[in-house]
Amino acid sequence: MNKLRLLALWCVAAFAAGCAPQPVTVTGTVCDATANGLMLVADGAEPIFISTMYADSATTDGILLYDSVMVTYVEQRSVGVSVRKARSLDVIFSPYTAIVGRWVEPNTIDTERMQGIEINADGTAASIGMATLRFKSWDMTSPQTIVFGLESIGNGASADFTDTFRIETFDGKNLILSQNGNIIWNLHKEKTKSRK
């Protein structure tokens with residue numbers, strides 16, 4: 001009789017373990033976000049919503065649109081609805097963080113000098129080696145688009161305007177920007193000099 005009860009308990013435990021949701025890990029790009037979750041596009045598939053309410057809160061605070069992330073989640077059914085609940089979430093690459101820094105290229109007239117753009121984390125920007133074109137601000141409006149606020153200075157007058165560029169290449173070290181299919185900026189990230 002005891003053996004029969006043990007066998008029955010073992011069968012119930014094995015069935016329960018087989019029904020427990022198994023963790024799934026996916027890597028993709030954040031295409032939308034709410035206070036309680038995010039939409040993730042992985043490998044060109046349809047976007048999926050993953051609830052971040054139960055994820056490690058330390059990892060969800062710094063998630064931004066267009067970040068590449070790795071999410072481990074479990075899928076659970078509740079009141080007839082299937083919900084993906086994140087257990088952990090790690091940022092693999094954030095364009096907003098990686099783009100911050102000094103981006104330079106040789107000056108087209110004097111190749112001994114460098115020119116370029118300083119991109120700051122607070123949304124401001126500054127020109128490097130250019131007196132008549134002043135970069136003032138920036139915003140990444142999609143993974144392929146960056147908009148700069150600029151001021152043109154010349155002949156005693158100045159004019160503010162915005163300029164939109166397509167991001168052709170961006171890997172954290174190289175930033176190639178184009179307009180209408182023409183490369184306008186072929187920049188590389190300036191190495192920071194260590195202080196002793």
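Sequential numbering from 1 along the given sequence is applied to the chain's residues.
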Exercise: do [X] and [Y] side chains pair donor with acceptor under 3.5 Å:
X    : Y    : result
D67  : S94  : yes
T25  : T72  : yes
Q179 : D163 : yes

Would you give the length of the straight line joining atom [atom1] of [X] to atom [atom2] of [Y], rounded to the nearest 0.5 angstrom?
X    : Y    : atom1 : atom2 : result
N36  : K85  : CG    : NZ    : 12.0 Å
Q144 : S178 : CD    : OG    : 11.0 Å
L177 : N182 : CG    : CG    : 13.0 Å
S137 : E151 : OG    : CD    : 11.5 Å
E168 : I183 : CD    : CD1   : 5.0 Å
M70  : L40  : CE    : CG    : 11.5 Å

4.5 Å side-chain heavy-atom contact, [X] and [Y]:
X    : Y    : answer
L187 : N174 : no
R84  : S51  : no
I184 : F165 : yes
V104 : H188 : yes
D32  : L38  : no
V24  : V74  : no
P106 : R113 : no
V26  : Y73  : yes

[X] side chain vs [Y] backbone, donor-acceptor pair below 3.5 Å:
X    : Y    : answer
S127 : F135 : yes
D171 : K173 : yes
K189 : V100 : yes

- Starting from the C-alpha separation in whole Å, work towards a yes-or-no answer on side chain to side chain donor-acceptor pair (under 3.5 Å) for N120 and T124. CA-CA 5 Å; N120 301 309; T124 62; 3.0 Å; yes
With hydrophobic residues grouped by side-chain heavy-atom distances under 4.5 Å, do [X] and [Y] end up in a single group?
X    : Y    : result
L175 : Y96  : yes
M39  : L65  : no
I119 : V147 : no
I176 : I128 : no

Can you give me the closest heavy-atom contact between [X] and [Y], atom names plus distance?
X    : Y    : value
I153 : S158 : CG1-CB, 4.3 Å
T29  : S68  : OG1-OG, 4.1 Å
V41  : P47  : CG2-CG, 3.9 Å
A125 : I117 : CB-CG2, 4.4 Å
A86  : V71  : CB-CG1, 4.0 Å
M140 : P95  : SD-CB, 3.7 Å

- Check: F148 ring centre within less than 6.0 Å of F161 ring centre: no
- Take W185 and E105, measure what side chain to side chain contact (heavy atoms under 4.5 Å, CB included) needs, and give me the verdict at the end. CA-CA 8 Å; W185 294 97; E105 68 179 3; 3.3 Å; yes
- Take F49 and V83 through the side chain to side chain contact (heavy atoms under 4.5 Å, CB included) test and state the conclusion after the steps. CA-CA 8 Å; F49 180 80; V83 178; over 6 Å; no
- Task: Give a yes or no on whether R102 atom CZ has more than 12 heavy-atom contacts from other residues, nucleotides or ligands under 6.0 Å away.
- Result: yes
- Item | T27 and V69: CA distance, side-chain angles, deciding distance, side chain to side chain contact (heavy atoms under 4.5 Å, CB included) verdict | CA-CA 6 Å; T27 301; V69 297; over 6 Å; no
- Message: side chain to side chain contact (heavy atoms under 4.5 Å, CB included) for F93 and Y66? Distances and angles first, verdict last.
- Response: CA-CA 9 Å; F93 178 80; Y66 319 128; over 6 Å; no
